[in-house]
J.: 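First, the structure itself, so that you have it in front of you.
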There are 2 protein chains.
Amino acid sequence: MAPKFRPVTLKQVAESARVSRAAASFALSGRPGVSEDTRNRVLKIAAELGYSPNQTAQNLRSSRTGIVAVYLPENVSALGYYMEATFGIIDAAELSGRTVTLVPHTNGAPHATRLNADGLIIIDPTLEDPHVDKLLGLGLPVVTGEEMPDPNHRVSGAVIADHASSTRAILDRFAAAGSRAPAIITTKERMSWSMSIERCYRDWCAERGLDARIEVSAMDLIVEDTRRATRKLLDDGTTDAILALTDGSVLTVAGYAAESGRRIGKDLFIAAAVDSPVLGYMNPSVTAVDLNPRDFGQRCMNMLERVLDSEQAEVQGPLTELVPTRVVFRDSTGA
Amino acid sequence: MAPKFRPVTLKQVAESARVSRAAASFALSGRPGVSEDTRNRVLKIAAELGYSPNQTAQNLRSSRTGIVAVYLPENVSALGYYMEATFGIIDAAELSGRTVTLVPHTNGAPHATRLNADGLIIIDPTLEDPHVDKLLGLGLPVVTGEEMPDPNHRVSGAVIADHASSTRAILDRFAAAGSRAPAIITTKERMSWSMSIERCYRDWCAERGLDARIEVSAMDLIVEDTRRATRKLLDDGTTDAILALTDGSVLTVAGYAAESGRRIGKDLFIAAAVDSPVLGYMNPSVTAVDLNPRDFGQRCMNMLERVLDSEQAEVQGPLTELVPTRVVFRDSTGA
DNA sequence: CGTCAATACTAAATCGATTAAGTGAGCTGC
DNA sequence: GCAGCTCACTTAATCGATTTAGTATTGACG
């Protein structure tokens with residue numbers, strides 16, 4: 001067997017530079033206490049030896065884990081949004097040398113007790129999800145992507161996309177294109193973003209004296225449910241526009257609409273509250289909201305870092321950050 | 001501020017049980033060296049205090065990180081397969097107390113030097129991906145999901161799905177349904193699985209004296225490319241069956257086919273080499289290969305654990321595990 | 001009774017970094 | 001000429017668990 005590769009330690013750097021480990025540590029961390037000469041010598045030798053500090057030892061010393069846990073809703077593998085947001089979190093974490101791990105949904109027991117992490121990011125917390133309660137009980141700093149649906153659950157901060165603006169923009173566009181009876185298909189699971197879209201839709205309808213036409217679809221049965229919801233909306237013959245919540249479900253809507261003879265962009269307008277590359281290439285292309293999930297994930301991580309870095313500091317109220325959204329208008333909402 | 005919560009340490013357990021830290025450690029780890037009485041007392045007290053060992057300290061002592069890194073191909077957020085496989089890895093890792101982290105694609109520099117992990121799982125390594133080389137140069141034990149496309153790259157093990165069987169089964173089904181000129185749309189990126197499907201398709205055609213009709217589509221432009229490829233295949237008027245590689249791209253194939261007046265399942269048969277829930281609910285439903293990605297991910301993790309646990313042991317050849325696949329026949333390949 | 005061995009423990013070193021406390025040299029100011 | 005101070009460093013404690021080496025007690029046996 002090859003001689004086991006042993007990484008260079010601070011001790012070796014210190015010996016090589018003929019200083020104590022403490023001096024070497026001061027030099028490398030940029031803290032005062034060593035002369036410029038010594039600092040430069042240490043830095044040079046560290047670079048030559050290819051020294052890089054042992055994260056585990058640093059973590060032990062500072063009694064942190066260096067790990068940030070991320071919790072995603074269940075049954076969302078089909079939604080590219082979540083993977084993009086996760087990679088956004090990872091990109092931001094990389095810069096600060098933190099490790100990101102995903103919390104499994106299955107094995108309920110282990111989390112009940114302890115999660116080996118310094119902080120937690122929960123993306124799209126769902127009212128119905130029992131795991132969310134447990135995770136909050138762990139006493140970790142928590143930042144959510146979108147708000148906690150139950151305001152009794154206090155968290156350290158939340159990054160929130162501006163769904164209200166994009167929803168209004170889409171509904172206005174529907175109206176401008178000639179729609180008189182727009183409907184929405186929302187998620188059965190109650191999450192902050194879908195609830196806020198629904199609220200915004202109700203308000204918009206109320207302002208215009210229209211009936212709200214709302215159908216729901218469960219995430220784990222999204223194709224089946226959306227198909228059923230679409231049929232219900234279209235078969236009455238009056239609904240002339242549909243805002244579907246996810247990029248996947250709008251495909252189902254489009255499919256059923258085509259089967260039942262509706263011409264999308266002409267006598268039926270559709271849009272999705274979450275964009276994905278496929279929507280731009282459909283025929284006709286489909287209007288959708290670009291949520292910029294990578295950027296969103298990065299912001300969640302950055303906020304959590306702010307929280308972690310100011311742990312000892314004065315207790316400020318929960319942080320909140322509103323992120324703008326952008327509607328990409330395409331053929332499905334009129335030319 | 002609330003008194004900072006400090007987890008129970010081994011020292012506290014030991015003091016509470018009136019034994020040394022070493023004795024407590026022996027008792028808890030189940031190693032000989034303490035009497036049954038003492039062991040039970042320590043276990044009881046540990047349970048009462050809610051002791052759970054500090055992972056970071058254990059890792060430092062054993063000079064491991066407790067972290068397994070996972071590398072996914074770029075631009076695959078739209079493919080639920082990868083997220084499912086990742087969760088499979090995580091589920092398996094949870095059982096052995098390991099942490100899973102994803103390797104970011106962006107920041108090239110950091111990985112060049114070091115990756116803070118005990119081992120690495122690379123899912124679908126791509127010949128064109130320069131990161132893969134770098135990652136292999138890190139000297140970590142590596143297990144791949146699907147084979148390394150370049151056999152010069154040696155790894156500790158590989159978990160491989162049996163794409164040959166499923167591909168043959170689909171092609172045979174095309175033929176049984178009446179197809180005389182089946183085609184495939186493969187990935188531009190050269191990965192083991194798509195290459196093996198392509199090879200299998202060529203062999204199958206050769207055996208029957210048919211021309212191979214092969215088009216390619218890049219992952220990052222999959223919708224556009226697949227549409228172009230489909231047009232090319234269908235516009236010559238002879239192609240009567242298409243095997244598309246991904247669940248997403250088969251939708252594009254179906255869309256274009258419908259636009260150009262082909263009736264899927266009647267005068268055009270289609271299938272996908274990767275299944276996803278949406279395919280079962282399409283109209284008509286689409287035949288696809290169930291790769292059971294969660295199970296696949298678990299197997300990757302289990303193999304890596306075997307490798308890590310036998311680090312010191314005799315050098316065996318690289319491990320290989322062939323996982324069966326299952327074709328789910330649906331309406332798109334004939335009634 | 002003395003020797004040897006086994007049992008059940010304790011003391012201390014270790015993993016690799018950070019950091020509080022301590023030391024000696026050199027300089028200032030009165 | 002010396003108290004007092006700063007600077008540049010070293011020593012040693014620390015984080016929490018594991019593990020090696022060492023010690024005291026017991027029992028067996030010739």
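Every chain is numbered from 1, with letters handed out A, B, ... down the list of sequences. FYI, side chains are in, hydrogens and waters are out, and symmetry mates aren't considered; it's all heavy atoms of this structure.
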J.: We want to know whether A:T56 and B:N59 form a side-chain donor-acceptor pair, criterion being a heavy-atom distance below 3.5 angstrom.
T.: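 No, no side-chain donor-acceptor pair sits under 3.5 Å.
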
J.: Check the pair A:R98 / A:I67 against side chain to side chain contact (heavy atoms under 4.5 Å, CB included), numbers first and verdict last.
T.: CA-CA 6 Å; A:R98 279 178 234 260; A:I67 298 174; over 6 Å; no

J.: What nucleotide, of C:dT14, C:dA12, C:dC9, holds the atom closest to the side chain of B:A22?
T.: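 So the side chain of B:A22 is nearest to C:dA12.
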
J.: Quick one: on DNA chain C, does B:A57 or B:S20 contact a more 5' nucleotide (nearest heavy atom)?
T.: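 In this pair, the answer is B:S20.
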
J.: Grab the CG-P distance between B:N40 and C:dA8 for me, whole Å please.
T.: 13 Å

J.: Over how many whole Å does the gap from B:L10 atom CG to D:dA17 atom P extend?
T.: 5 Å

J.: Pick the closest DNA chain C nucleotide for B:T38 and for B:S63 by heavy atoms, then say which residue is nearer the 5' end.
T.: B:T38

J.: Could you tell me how far apart A:E15 (CD) and C:dG16 (C1') are, to the nearest whole angstrom?
T.: 13 Å

J.: Between atom CZ in A:R18 and atom C1' in D:dT10, what is the gap in whole Å?
T.: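 Roughly 16 Å, once rounded to whole Å.
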
J.: C:dG16, OP1 or OP2 - any side-chain N/O from A:Q58 closer than 4.0 Å?
T.: no

J.: Can you check the A:R21 CZ to D:dC9 C1' distance for me, whole Å?
T.: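 To the nearest whole Å, that distance equals 15 Å.
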
J.: Does the side chain of A:Y51 get closer than 4.0 angstrom to OP1 or OP2 of C:dA17 through an N or O atom?
T.: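 The answer is yes; a side-chain N or O of A:Y51 sits under 4.0 Å from OP1 or OP2.
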
J.: Would you say the side-chain atoms of A:T65 and A:D118 include a donor-acceptor pair closer than 3.5 Å?
T.: yes

J.: Taking atom P of C:dG16 as reference, at what distance in whole Å does atom CG of B:N116 sit?
T.: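 After rounding, the gap between these two atoms is 14 Å.
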
J.: Expressed in angstrom and rounded to an integer, what is the separation of B:R41 atom CZ from C:dC9 atom C1'?
T.: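 Distance check: B:R41 CZ to C:dC9 C1' gives 11 Å.
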
J.: With the side chain of B:S25 defined as its heavy atoms from C-beta on, choose the nearest nucleotide among D:dC9, D:dT18, C:dG16.
T.: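 Nearest to the side chain of B:S25 among the choices is D:dT18.
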
J.: What is the distance from NZ of A:K11 to C1' of D:dT11, rounded to the nearest Å?
T.: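 Distance check: A:K11 NZ to D:dT11 C1' gives 14 Å.
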
J.: Please check if any side-chain donor atom of A:Y71 sits under 3.5 Å from a side-chain acceptor atom of A:D129, or the reverse.
T.: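 Checked: A:Y71/A:D129 side chains pair up, N/O donor to acceptor below 3.5 Å.
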
J.: Contact class for B:R31 vs. all strands (heavy atom < 4.0 Å): base, sugar-phosphate, or nothing?
T.: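 It contacts sugar-phosphate atoms only.
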
J.: Going by distance alone, is a donor N or O of one side chain under 3.5 Å from an acceptor N or O of the other, for A:E189 and A:T126?
T.: no

J.: Could you check which of C:dC9, D:dT10, C:dA17 has an atom nearest any side-chain atom of B:S35?
T.: C:dC9

